[in-house]
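Shown next, in structure tokens, is the structure this report addresses.
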Amino acid sequence: MPKYVMVIDVEKCIGCMACVIACKKENNVPEEHFRTRVVEEVRGEFPHLRMELRSELCNHCENAPCIDACPTRASHRAKDGTVQIDRVKCIGCKACILACPYDARYSHPKGFADKCSFCDHRLKEGKKPACVETCLGKSRIFGDIEEPKSEVAELLKKYDSSVRLEFAGTRPRVFYIKKQFAGGL
Amino acid sequence: MTEITITGLNAITHPYLEVWDWRIVIYLFLGGVSAGMLVMCSIANLRIPKHPVEELAQCVRAPLIAFVILAVGALFIIIDLGKPQSLIWGYLTFQPLSLMSWGTWGVPAVLLANALYILAVVPKEDRHRLRLPFLIKLSEKLTSKMRTIAKLNFALGIFLGIYTGVLLSSFAAIPLWNNATLPILFLVSALSSGAAMIVIIAKKYEIKFLFTKIDIWLIVAELIVILLFFYALYTSTAPYKKAIEPFFSLTSEQFIFAMALIAIFLLLPLALRIKLGELKEFEGEFHGEFTKSQILRMNFAAGLVLAGTFILRAAIVYAGQLTKLSPY
């Protein structure tokens with residue numbers, strides 16, 4: 001089975017937010033809610049400032065607290081290793097939303113919990129997630145890490161990578177390379 | 001200098017991100033009171049001699065009131081669900097790592113045991129009020145098992161009291177809740193509010209007096225655990241330290257939490273002071289009769305305990321959602 005991961009090349013993000021819009025359009029994300037976001041962080045004292053743009057989304061953690069918190073198995077690990085939500089089984093208790101250290105989930109107005117699915121419907125058609133397809137700077141790279149010649153495997157071999165809140169022990173599958181700032185958020 | 005520009009992520013900037021609201025607060029409060037009442041009335045019923053069986057139950061109305069309180073509390077968590085029509089899925093599986101799953105199964109289990117308790121303590125002369133013949137028969141059968149049922153309800157009351165705290169403390173993403181003292185704090189406050197509630201509803205003077213005495217110890221324990229709860233977070237790492245900030249700043253936007261903490265530390269010690277006064281007044285020369293003003297004072301002190309318990313739970317539920325493990 002493939003092991004899908006996303007690599008975020010922080011240097012290449014230009015902050016155009018096309019990924020955010022593509023995601024909303026592709027997945028019918030309701031008003032006021034987002035499945036992904038771009039964080040703009042500025043450090044230093046004027047005029048010596050440095051900026052980092054960083055995409056954030058569900059990390060499809062290997063040790064996912066949202067799956068543990070779910071009372072109905074609506075939040076589950078799919079065969080491809082991604083974390084998915086069964087909308088029928090979800091009772092809307094919101095425990096998974098509170099359990100996620102990355103604020104990746106939200107309560108959909110129709111009652112169920114929702115989050116990034118790595119566009120699993122597109123993966124089944126052999127396509128990449130909408131945010132990856134649309135990324136102008138090619139900052140978001142997606143693929144199967146088990147495939148040694150895949151772009152993600154090559155990048156993770158070539159560069160030091162980090163994950164968000166590593167100390168939380170969730171073992172995310174979204175990796176950041178070429179980060180401007182030391183210390184993960 | 002670090003400046004982060006992002007679509008707001010917490011309940012202060014975007015209220016729709018406040019995941020658990022007043023409905024959960026009411027559920028946790030009513031669940032706690034009900035748990036405390038079950039434990040306390042089981043203590044009252046198990047304290048008396050083993051025979052004669054028919055005269056066993058001292059605390060008769062408490063199980064019924066605890067049942068109603070818990071049922072109403074459970075209603076509030078059901079109306080909090082985004083898709084209550086899918087609740088059946090909760091009963092088609094049991095997820096041992098999910099505290100919500102424990103609650104899904106645990107609350108009906110407590111209600112069932114509580115229902116048996118209600119029937120077991122119905123006095124002989126009141127059994128006709130049950131109306132349905134099979135309930136009357138069941139009540140007759142259960143009366144002889146009252147002690148066993150009381151022990152079961154004691155254990156389930158402890159489970160329910162501690163469960164409300166474990167539910168919150170299981171979220172590693174929420175520093176204010178993710179603390180091993182929280183379940184203990186919620187258990188102690190549940191027991192204290194249960195004792196207070198029994199002081200209010202009890203007709204027998206000795207029961208009122210007994211639980212006034214018990215509540216003194218519980219209030220002292222609760223105040224100590226509250227201090228330990230905040231101390232544990234204060235001495236922890238940055239996100240945990242940040243999580244208690246709203247409670248200690250009267251000038252911030254979240255000063256309401258500082259007010260809540262002040263209120264708790266006014267209400268509970270005041271209740272303690274009144275109860276200690278009662279203890280001094282009645283001990284030694286207690287003849288089983290209280291005047292109306294004495295009962296009013298007892299009920300007032302119990303009301304203070306209940307208000308303190310409610311404020312504590314509300315403050316912890318809301319303040320917890322202001323600070324996540326990530327710095328924004």
Side-chain angles (χ1 to χ4, degrees), chain A residues 15 20 32-34 37-46 48-49 51-54 56 65-75 86-103 105-113 164-165 167-170 181 183-185, chain B residues 1-10 14-21 23-24 77-105 167-168 170-175 177-178 237-239 317 320-321 324-328:
Chain A
V20 177
E32 290 197 316
H33 297 284
F34 300 93
R37 57 182 172 255
V38 177
V39 176
E40 181 183 316
E41 187 177 349
V42 178
R43 287 191 193 179
E45 294 294 331
F46 182 81
H48 306 292
L49 298 170
M51 185 175 77
E52 179 178 286
L53 291 161
R54 184 171 67 237
E56 293 183 355
C66 53
I67 294 180
D68 285 349
C70 180
T72 63
R73 280 194 173 180
S75 282
D86 182 336
R87 291 181 176 188
V88 176
K89 282 186 180 176
C90 179
I91 59 172
C93 71
K94 302 179 265 288
C96 57
I97 300 174
L98 291 164
C100 175
Y102 307 106
D103 279 318
R105 291 175 170 237
Y106 66 91
S107 191
H108 193 284
K110 286 183 180 164
F112 51 83
R164 291 187 64 209
L165 305 177
F167 65 90
T170 53
F181 303 137
L185 286 181
Chain B
M1 190 276 294
T2 301
E3 187 181 285
I4 293 175
T5 310
I6 187 175
T7 310
L9 278 174
N10 61 35
H14 282 243
Y16 66 88
L17 282 170
E18 190 176 273
V19 179
W20 277 355
D21 57 15
R23 290 167 288 198
I24 294 289
I77 198 169
I78 290 171
I79 61 167
D80 181 68
L81 294 178
K83 275 173 62 207
Q85 68 274 21
S86 300
L87 191 57
I88 185 70
W89 289 100
Y91 294 101
L92 296 176
T93 179
F94 173 66
Q95 299 297 316
L97 292 177
S98 163
L99 264 297
M100 269 288 173
S101 191
W102 279 90
T104 308
W105 286 100
L167 175 66
L168 298 189
S170 67
F171 296 116
I174 300 189
W177 299 349
N178 187 219
T237 47
V317 167
Q321 294 176 75
K324 299 282 295 238
L325 207 53
S326 61
Y328 47 84

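In the text below, chain A, chain B and the rest are named by the order of the sequence lines, each starting its count at 1. In this text, all values refer to a predicted model and were calculated from it rather than measured experimentally.
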> For residues 80-98 of chain B, which residue pairs qualify under salt bridge (charged side-chain N to carboxylate O under 4.0 Å, His left out), counting only residues two or more places apart or in two chains?
Replying inline: A:Lys94-B:Asp80, B:Arg23-B:Asp80

>> Please enumerate all residues that pass side chain to side chain donor-acceptor pair (under 3.5 Å) together with B:Thr237, with sequence neighbours excluded.
In response: none

>> Taking side-chain contact (heavy atoms from CB on, under 4.5 Å) as the criterion, tell me which of B:Leu168, B:Val19, B:Asp21 meets it with B:Val317.
In response: B:Leu168

> Can you tell which of A:Gly111, A:Gly92, A:Pro71, A:Ala113 has the highest number of heavy-atom pairs within less than 4.5 Å of chain B?
Replying inline: A:Pro71

> With respect to chain B, which residue among A:Cys100, A:Ala74, A:Ser107 yields the maximal number of heavy-atom pairs within a distance under 4.5 Å?
Replying inline: A:Cys100

>> Heavy-atom cut-off 4.5 Å, strictly under: side chain, backbone, both or neither for A:Val88 against chain B?
In response: both

> Which atom pair, heavy atoms only, marks the closest approach of B:Ala173 to A:Ala99?
Replying inline: CB-O, 3.4 Å

> For B:Trp105, is it the side chain, the backbone, both, or neither that has a heavy atom closer than 4.5 Å to a heavy atom of chain A?
Replying inline: neither

